[in-house]
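What follows is a set of notes on a single structure, which appears directly below.
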Amino acid sequence: MRRVTLLTDFGTADGYVAALKGVIAAIAPAALVEDAAHDIAAGDIHGAAWALAGYWRLYPPGTVHLAVVDPGVGSSRAALALHVDGRFLVGPDNGVFTHVLHGAADASVVSITASAFIRASVSATFHGRDIFAPAAAHLAAGVPLDRLGPAVHEPVLLPLAAARRSEGVATGTVVHVDRFGNLITNIPAAWVAGGAAVRIGGRVVPLRRTYADAAPGDLLALEGSRGMLEVAVRDGSALVVLGAAAGTAVSAG
Amino acid sequence: MRRVTLLTDFGTADGYVAALKGVIAAIAPAALVEDAAHDIAAGDIHGAAWALAGYWRLYPPGTVHLAVVDPGVGSSRAALALHVDGRFLVGPDNGVFTHVLHGAADASVVSITASAFIRASVSATFHGRDIFAPAAAHLAAGVPLDRLGPAVHEPVLLPLAAARRSEGVATGTVVHVDRFGNLITNIPAAWVAGGAAVRIGGRVVPLRRTYADAAPGDLLALEGSRGMLEVAVRDGSALVVLGAAAGTAVSAG
Amino acid sequence: MRRVTLLTDFGTADGYVAALKGVIAAIAPAALVEDAAHDIAAGDIHGAAWALAGYWRLYPPGTVHLAVVDPGVGSSRAALALHVDGRFLVGPDNGVFTHVLHGAADASVVSITASAFIRASVSATFHGRDIFAPAAAHLAAGVPLDRLGPAVHEPVLLPLAAARRSEGVATGTVVHVDRFGNLITNIPAAWVAGGAAVRIGGRVVPLRRTYADAAPGDLLALEGSRGMLEVAVRDGSALVVLGAAAGTAVSAG
């Protein structure tokens, strides 16, 4: 019995997520399906890639992670299935697996083309239902990866801004804004010394260990749950206070 | 082991969905419960019926689909359980099963009245917990449909606007606006020839095969995932661009 | 096989919920995980406590309920695991279990401190992943409660406003506003006689049995699904019509 997780930008008002689940249930009735995230902003590949990076490896080997944020549906972009460090992943070849592949010790990638494993009739607008969910279900049912189609050697990778260090100062950018309005940067927290100040949007923000070390409503910077520097407001939203967004420059030193 | 899917307009901020799940777990502990859609607009029976239509038949026979969008809760409207083409459905008699019944080859419908299969105390405001979830759980546990109550011969059906064809021009209306701002119409895409133009809200929109055939930000019409004509904006929202809503007139020819 | 339910204020755009699920799947692969509510307002402990109260006891004994609304993450607040009337609960010691404990016949509470049952590395910002989910998974896998840590004798309880009765008039407050804009009060419906009028925000609202007893758009008061007096608008939102919020005064008599 394998688990299949679902990440999409479908929301939960139209039943699109349930179409994926129905297809999976019909092909792999013993698979356990778990929702990962369905409120990714429409077409936000970066946001999907970031979210996926936070959980795919926490699941046990054999898990199948479906990630369908697919603004290029119906175009010539490939449909991918991956086996990375023991987990399977399925989704469009648009960069959604960038973080997964960057951190991989061992990765196989194929293009889903074998007609035995996709729906008989494929729409131009809903490959989640017609290609990705069937492939995920067949993987969950034990079909070997290489039966889905030929190897892909250069899957699309998102261009990720790199943080830098120079003369004790780290510079980088905000790469994700989460539901709480926390601004997650690409600067490794380990780069930033204890007494450092963090600069963002014209403000100087003190570095703390945890939210409780700031007064309610105050800005702080801290190490986030994936080891990256993060800017937050205690009991509030750094997004609202700073008006920052993905791409905003940050420095620390 | 049967699956039970849940569609509601409860949202996920109040725990109401979990009350349904708790009731099901207590009655049918081996049932697998899957969320279908919980962000249906409050009381939007048409939206619920449309969403349900997109997935109920994709699930394998034996699945139980719960659909609780129930603005008439506590009134004299009946509580229904259905067996349609191998799947079970449970919900209020308010039209939410209209599309399911329109496409049915074989349908049995009963009114849930047998006290053995509803909660001992039934509230006036939460039949999802007190009537529908127990009935769904008992069906999942193998109770035959006809033990839930007497047959219903004329379940409520929503009045659905029909599309028409005349002299090569198809006319219809928008019937659903989805999360992406796509405008789904009631005009079968098969009615519309390749070179046709689609008219909506004073605009003439070209017919394309897929989103990628339009430039980003441009309007297009295409065949949607259920075979109906759909108006969209590539990487954008036709809802925003056109200000259209369910009921807006559309023609194609 | 035990069920684990998840209540958080994480939303479903960042993948945080899936991190909890991945941790649980790795520790207790046979556990069934069900989403309870993820759109609790950020940091809203009262809302989380109210939502949890509506379902925790409906689930069968042995169920593990995770409740992670945790604005004090990283501070010195304790991490709790509870066994209450046959169900397990896991979450921060911030009052989220107030209603559960108020209604309990039998309750054991421990502080989660045993390193064998938490992640090797604990972040300062995501105890849901690092402490609460592992503890919930171990409970689901059969680890006895008292192995997680020492007993806690005075868990934090939220100060709850009490309703009063005097000379036939009940007075109380709105304690929760739900997705439909219904205003749920702390006045037991049993206190209010059939012909009573309900006063809120300068309006006098008639008491009815169910929504259908009011005209569309009209205010009414009725007994809610947990036996408390509730103010609603038929096919509308009492929140919008009255502008009331948690804390608004209500009287009935």
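Here is the naming used below: chain letters follow the sequence lines, and residue numbers restart at 1 for every chain.
Interface remark: A:Ala41 contributes backbone atoms only to the contact with chain B (heavy atom separation under 4.5 Å). Interface remark: B:Leu6 contributes no atoms to any contact with chain A (heavy atom separation under 4.5 Å). With a 4.5 angstrom heavy-atom cutoff, B:Ile40 touches chain A via backbone and side-chain atoms both. Proximity to chain A is limited to the side chain of B:Leu222, based on heavy atoms less than 4.5 angstrom apart. Contacts of B:Asp235 with chain A are made by side-chain atoms alone, with heavy-atom separations under 4.5 Å and no backbone atom involved.
In this structure, the side chain to side chain contact (heavy atoms under 4.5 Å, CB included) partners of B:Pro61, at least two apart in sequence or on a different chain, are B:Arg87.
Just one residue in the list B:Thr8, B:Asp35, B:Asp39, B:Thr12 forms a side chain to side chain contact (heavy atoms under 4.5 Å, CB included) with A:Thr12, and that residue is B:Asp39.
In terms of modelled atom types and a separation under 3.5 Å, the side chain of B:Arg179 and the main chain of A:Tyr16 share no donor-acceptor contact.
Identified by a heavy-atom distance below 4.5 Å to chain B, the contributing residues of residues 118-131 of chain A are A:Arg119, A:Ser123, A:Ala124, A:Thr125, A:Phe126, A:Arg129, in residue-number order. Taking 4.5 Å as the heavy-atom cut-off, the residues of residues 65-76 of chain A that approach chain B are A:Pro71, A:Val73, A:Gly74, A:Ser75, ordered by number.
Side-chain contact between B:Trp50 and A:Asp14: present, with at least one pair of heavy atoms (C-beta onward) separated by less than 4.5 Å. Two residues are said to be in side-chain contact when any heavy atoms from C-beta on lie closer than 4.5 Å; A:Val23 and B:Tyr55 fail this criterion.
Most heavy-atom pairs under 4.5 Å with chain A: of the set B:Ser237, B:Ala212, B:Pro60, this distinction falls to B:Pro60. For the set A:Ala13, A:Gly22, A:Gly15, A:Ala19, the entry with the most heavy-atom pairs within less than 4.5 Å of chain B is A:Gly22. Heavy-atom pairs under 4.5 Å with chain B were tallied for A:Gly43, A:Ala25, A:Ala26; the largest tally goes to A:Ala25.
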*Please walk me through it: do B:Glu34 and A:Val33 pass side chain to side chain contact (heavy atoms under 4.5 Å, CB included)?*
CA-CA 8 Å; B:Glu34 294 189 354; A:Val33 175; 3.9 Å; yes
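The list of ring-ring contact (aromatic ring centres under 6.0 Å, His included) pairs with a residue in residues 129-156 of chain A, not counting sequence neighbours, reads A:Phe117-A:His138.
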